[in-house]
Amino acid sequence: MWASSIVINNVKSFADSGVINLDKRINILIGPNNSGKSVIINALYLLQNQSVLTGGDIRKGASEGKVILGLEDFNEERYITAYHQHNGYIPKVHFVLGTNGISNMIVINPQGGSAGAGALSKTEPDNFIYPFLAKRKVVGYTTSVNSDIQNAIVENFQYLPAKISRISDQHYELNAEYEAACKGIIGFSLSTVAIPNGQIVGTPVGKHGSIPITAMGEGIPHLLALINDLCLADNKLFLIEEPENDIHPKALKHLLDLIIKKCDTNQFVISTHSHIVMQYLGSVEKSKIHYISRDEEQRIPTANYREVGDDPEERIAILEDLGYEMTDLYAWKGWLILEEASAERIINDFLIPQFAPRLKGYLRTIAARGIDKVPVKFEDFNKLFLYAHLARTYRNKAWVVVDNGKRGHEVIKALKEKYIKGKPDSWREEQFHIFSKDDFEEYYPEAFQDKAKHILQKPDGQHKQAEKTALLSEVLKYIQEDQQRARDEFEQSAGEVILLLRSIEIILCPS
């Protein structure tokens, strides 16, 4: 079962939402604070918790509020018995909020008949919804472990020890997925440790010690609970408010990757103020972006809803609204992602103007600042193209070039395996390059090679990086003193790099 539509009348800031059509996989809610995003999430949550909205949430001036939910692939036993099944009919579940604070749920059949039905189960595996609401707080932990606690769905983290006790067991079938998710998102895995009156989430230290979750950061229980439920879920609806809170951007991207993986078998409705969340989840095919703005009618806050379409400029405007700097996206025809800042500086400031001048203003050079950051940088670009529906425009207009060496070959091999899929719309092998030299400094003119060799033989660290930066400054000064001399020298020492730039120039700037 999945929720296909919502209509909200006279509930909080919504006078009349109109029909909000949902995607079966990913739905992103954006808009200013207090605009109505939480109203949509709570309207869906009524299916499982009928106290989440009450008579107190009726819009000022109205006598009653109404929420109408459309449900497809209807398979909940208690609903099926409440009406006669009709082929092709999408059931509508009506909630009426009265001034006495009671909401009633009625299932309507195609002939207009109705029947009462209660809320869905709050116990796994019969639950339909996993709620991760902004008001979720750590209020203390129930330290006893039993099946009733393990399977209960609650809106706080009190039952987390029992849930983690199950999934952290190495013999549990979802343990490997849980461990991998923890390490990617949190940085380490957590199990449970014994305390005098039961168990608590934590990590063992030494033979007898441990670090409990109560001594860890506030975001850990939020992430851990979500990881647990994502691993378990199948054909469920996740209601998540602002997943970017209390999480490092790098960890957030790992979390979003897990959500994307799970959206093939689960539905997500997620509110956010984060351009990272928007870009990542908005890149999923057929994902829907729902924009809720706020006006006032006679001093009463009023929500206005619209679905963000597929137009690239409209999608980019939404990212800019969230603070993402997108103003120069259309100024570039292509991007060159390099491993180190020294390569980026020499290529952008000298080699392009001297040897591939038509690229000036068309090719944006970017330094990943480390071989292990190259895949992340490319992934961000790929997701941006997909999110903005510009993949066809910019695919194969970005190049990744790394230095020679074992790690460089591993990174390029992994990128090729991930992005080259033998389809007309996949990336081409020519977009991923490995220089023949182990370090870009080896492309400097002959006059600098002794010093470069001396520096490159040193172990990696801040001292080595400082010396490489100082050498780059010397080379830039050398260029400034006599550009013709520098051109002649680089034409000999960096011919391979120049050849690559000229090949890109032919593609981006055909005569």
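Numbers here simply count residues along the sequence, with the first being 1.
For R407, the side-chain contact (heavy atoms from CB on, under 4.5 Å) partners are I371, D372, E410, V411, not counting sequence neighbours. Shown here are the salt bridge (charged side-chain N to carboxylate O under 4.0 Å, His left out) partners of R306, two or more places apart in sequence or in another chain: E314. For F378, the ring pair (Phe, Tyr, Trp, His ring centres under 6.0 Å) partners at least two apart in sequence or on another chain are Y419, W427, F432. Residues that satisfy the ring pair (Phe, Tyr, Trp, His ring centres under 6.0 Å) test with Y387, not counting sequence neighbours, are absent from this structure. The salt bridge (charged side-chain N to carboxylate O under 4.0 Å, His left out) check on K122 picks up nothing, with sequence neighbours excluded. Judged as a salt bridge (charged side-chain N to carboxylate O under 4.0 Å, His left out), and not counting sequence neighbours, the contacts of D380 are K253. By the ring pair (Phe, Tyr, Trp, His ring centres under 6.0 Å) test, H275 pairs with Y324, sequence neighbours left out. For K288, the salt bridge (charged side-chain N to carboxylate O under 4.0 Å, His left out) criterion is met by E307, not counting sequence neighbours.
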Step by step, work out the side chain to side chain contact (heavy atoms under 4.5 Å, CB included) result for I30 and T272. CA-CA 6 Å; I30 59 168; T272 186; 3.9 Å; yes
Go through the steps for L226 and N228 under the test side chain to side chain contact (heavy atoms under 4.5 Å, CB included), then give the verdict. CA-CA 5 Å; L226 183 50; N228 174 80; over 6 Å; no
Full working for ring pair (Phe, Tyr, Trp, His ring centres under 6.0 Å) between F128 and W2: CA-CA 9 Å; F128 174 50; W2 63 284; over 10 Å; no
Side chain to side chain contact (heavy atoms under 4.5 Å, CB included) between I153 and I129: does it pass, once the steps are laid out? CA-CA 9 Å; I153 305 299; I129 293 172; over 6 Å; no
Kindly indicate, with the supporting measurements, whether the criterion side chain to side chain contact (heavy atoms under 4.5 Å, CB included) is fulfilled by M278 and I28. CA-CA 7 Å; M278 176 69 66; I28 310 141; 4.1 Å; yes
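K236 places a side-chain N or O within donor-acceptor distance of the main-chain N or O of P125, the cut-off being under 3.5 Å. Looking at T54, its side chain does come within 3.5 Å of a backbone N or O of G56 through a donor-acceptor pair. Between the side chain of N396 and the main chain of R428, a donor-acceptor pair closer than 3.5 Å is present. Between the side chain of N21 and the backbone N or O of S5 there is no donor-acceptor pair closer than 3.5 Å. Checked by atom type and distance alone, the side chain of Q431 pairs as donor or acceptor with a backbone atom of A398 at under 3.5 Å. Between the side chain of T123 and the backbone N or O of A152, no donor-acceptor pair lies under 3.5 Å. Side chain of S4 to main chain of G70: a donor-acceptor pair is present (N/O by atom type, distance under 3.5 Å, no hydrogens or angles). For the pair R369 (side chain) and E339 (backbone), a donor-acceptor distance under 3.5 Å is absent.
A side-chain donor-acceptor contact under 3.5 Å links Q199 and T192. Side chains of Y172 and E177: a donor-acceptor N/O pair is absent below 3.5 angstrom, by distance only. A side-chain donor-acceptor contact under 3.5 Å links Y291 and D321. Residues E124 and N127 bring no donor and acceptor atom of their side chains to less than 3.5 Å of each other.
The shortest side-chain heavy-atom distance between V7 and I20 does not fall under the 4.5 Å cut-off. Within the 4.5 Å cutoff, no side-chain heavy atoms of M1 are placed close to those of E72. In this structure, the side chains of I227 and I186 come closer than 4.5 Å at one or more pairs of heavy atoms. Here the side chains of I240 and V269 are not in contact, with every heavy-atom distance at 4.5 Å or above. Looking at heavy atoms from C-beta onward, V401 lies in side-chain contact with F435 at the 4.5 angstrom threshold. The closest side-chain heavy-atom distance from L69 to F95 is below 4.5 Å. Proximity of W399 to W335: side-chain heavy atoms (C-beta onward) are nowhere separated by under 4.5 Å. Looking at heavy atoms from C-beta onward, R25 lies in side-chain contact with V284 at the 4.5 angstrom threshold.
Taking CG of D403 as the reference point, atom CD of E340 lies at 6.5 Å (rounded to 0.5 Å). How far CG of L239 is from CD of Q48: 8.5 Å, rounded to the nearest 0.5 Å. In this structure, OH in Y280 is found 11.5 Å from CG in L386, a value given to the nearest 0.5 Å. Here the OH atom belonging to Y178 is positioned 10.5 Å from the NZ atom belonging to K183, to the nearest 0.5 angstrom. In this structure, F157 CZ and T142 OG1 are separated by 13.5 Å, a value rounded to the nearest 0.5 Å. Atoms NZ and OG, from K163 and S168 in turn, are 13.5 Å apart once rounded to the nearest 0.5 Å.
Atom NZ of K413 is surrounded by 12 or fewer heavy atoms from other residues, nucleotides or ligands within 6.0 Å.
The two residues V277 and E244 have their closest heavy-atom pair at CG2-OE1, 3.8 Å. Residue I6 comes nearest to A43 through the heavy atom pair CG2-CB, 4.4 Å, listed as atom of the first residue, atom of the second, then distance. L97 and I58 make their closest contact through O-CD1, 3.3 Å (heavy atoms, listed as atom of the first residue, atom of the second, distance). Taking each heavy atom of G36 and S13 in turn, the nearest pair found is CA-OG, 3.8 Å. Listed here is the closest heavy atom pair of I149 and S144: CD1-OG, 3.5 Å. Residues S287 and D23 approach most closely at CA-OD2, 4.2 Å, considering heavy atoms.
Within the structure, salt bridge (Lys or Arg N to Asp or Glu O under 4.0 Å) contacts touching residues 3-12 (residues at least two apart or in different chains) are K12-D57. Listed by first and then second residue, the side-chain hydrogen bond (donor to acceptor under 3.5 Å, both in side chains) pairs that reach into residues 27-42 are N27-H290, N33-H273, S38-E241, sequence neighbours excluded. Counting only residues at least two apart or in different chains, side-chain hydrogen bond (donor to acceptor under 3.5 Å, both in side chains) contacts with residues 147-159 comprise Y45-E155, N49-E155, N151-R166, N156-Q158.
Ion pairing of K24 with D264 is absent here, as no side-chain N (NZ or NE/NH1/NH2) approaches a carboxylate O to less than 4.0 Å.
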Which atom pairs, one a donor and one an acceptor, fall under 3.5 Å between side chains of residues 201-225 and the rest of the protein, sequence neighbours left out?
none

